[in-house]
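To keep things clear, I will list the structure first and then write my remarks on it.
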Amino acid sequence: SRDLHDNVGTQLSLISNDIEWITHPLKALSEKEKSEKLESIGSASREVINTLRETIWALNKEEVSFEEFADKLKAHVQKQVKLSKNVKPSFSENLESNIQLGPSEALALFRISQEAIANSLKYAHAGVLDISMSTRNEKYELVIADNGKGFNPDAIDQNNRYGLANMKFRAGEIACTLRIESAFEKGTKVIISKNQP
């Protein structure tokens, strides 16, 4: 329910505001302004549909295998990098055990990964996005790394555009640790790991 509230609820509020902006403008709108706003509404609507599909994918199952999660994440990355043509994705897997995730854990892990990938594509100006996943003895690690411009994690306001506080909160909810390693001109690495079964 929190996932639907935080994601779908926010997106629908933005759509509603945009429609209100068109139907009851504070000033006369040009056809170009209306067209641009309608395109924005269409894009936001598609995002809502995708978010719902992702939520339903996880919550319709009693368990999600880590292998299925990995396939879902790879498909998401491939879709996102098509929009950022300068970024080349790279994947590596070492799945020694096929861990079963609960639906809430799978969804939280997916949302953390989405945020990390979105940050990389939006801010890092990277040429390569590396995704590596490993499992062993009911433990797992997921690493999202880029070769972009990097930043100082200690200097980032937790309420800023990176959404780091939300990522850490989600990780804590599923008993994972989240580490961010980054430095200027040396890229960024987001590491999500579960060290206890």
Would you say the ring centroid of Phe184 lies under 6.0 angstrom from that of Phe151?
no

Using salt bridge (Lys or Arg N to Asp or Glu O under 4.0 Å), reason through Arg111 and Glu54 one step at a time and then give a plain yes or no.
CA-CA 9 Å; Arg111 294 288 182 235; Glu54 291 157 1; 2.6 Å; yes

Please find the pair of heavy atoms, one from [X] and one from [Y], that lie closest to each other, and give the distance.
X	Y	value
Lys34	Ile22	O-CD1, 4.2 Å
Leu109	Ile174	N-CD1, 4.1 Å
Glu67	Leu95	CA-CD1, 4.1 Å
Ala126	Asn147	CB-OD1, 3.3 Å
Thr188	Gly150	OG1-CA, 3.7 Å

Can you measure from [atom1] ([X]) to [atom2] ([Y]) and round to the nearest 0.5 angstrom?
X	Y	atom1	atom2	value
Asp18	Glu20	CG	CD	10.5 Å
Ile192	Cys176	CD1	SG	7.5 Å
Ile131	His76	CD1	NE2	9.0 Å
Ile15	Ile41	CD1	CD1	7.5 Å
Asn152	Ile180	CG	CD1	11.5 Å
Asn17	Lys37	CG	NZ	9.0 Å

Test Glu138 against Lys194 for salt bridge (Lys or Arg N to Asp or Glu O under 4.0 Å), laying out the working first.
CA-CA 9 Å; Glu138 300 304 311; Lys194 188 157 194 175; over 6 Å; no

Do you see a donor-acceptor pair shorter than 3.5 Å between the side chains of Ser134 and Asn94?
no

So [Y] and [X], do their side chains get closer than 4.5 Å, heavy atoms only?
X	Y	value
Pro89	Gln78	yes
Val87	Leu121	yes
Leu38	Glu36	no
Ile191	Glu141	yes

Salt bridge (Lys or Arg N to Asp or Glu O under 4.0 Å) between Glu115 and Arg170, intermediate numbers included
CA-CA 11 Å; Glu115 183 74 24; Arg170 285 184 186 276; over 6 Å; no

Is there a chain of hydrophobic side chains (I, L, V, M, F, W, Y, each step under 4.5 Å between heavy atoms) that links [X] to [Y]?
X	Y	result
Ile56	Ile49	no
Phe91	Val128	no
Trp57	Leu101	yes
Val81	Met133	yes
Val143	Ile117	no

Lys74 atom NZ, neighbour heavy-atom count above 12 within 6.0 Å:
yes

Neighbour count above 12 (heavy atom, 6.0 Å) for Asn86 CG
no

Would you call Glu63-Lys61 a salt bridge at under 4.0 Å N-O?
no

One pair to check against side chain to side chain contact (heavy atoms under 4.5 Å, CB included): Phe69 and Leu142. What are the steps and the verdict?
CA-CA 11 Å; Phe69 166 81; Leu142 169 61; 4.2 Å; yes

Any donor-acceptor N/O pair, [X] side chain to [Y] backbone, under 3.5 Å:
X	Y	result
Ser43	Glu39	no
Asp146	Gly148	yes
Thr135	Glu96	yes
Asp130	Ala145	no
Glu33	Ser30	yes
Ser35	Glu31	no

Between Lys79 and Asn50, does a side chain to side chain contact (heavy atoms under 4.5 Å, CB included) hold up when you go through it step by step?
CA-CA 12 Å; Lys79 183 178 177 182; Asn50 286 335; 3.2 Å; yes

Going through the checks in order, is the side chain to side chain contact (heavy atoms under 4.5 Å, CB included) test met by Ser113 and Ile144?
CA-CA 8 Å; Ser113 303; Ile144 299 165; 3.9 Å; yes

Is the ring pair Tyr140/Phe66 parallel, tilted or perpendicular, if the boundaries are 30 and 60 degrees?
tilted

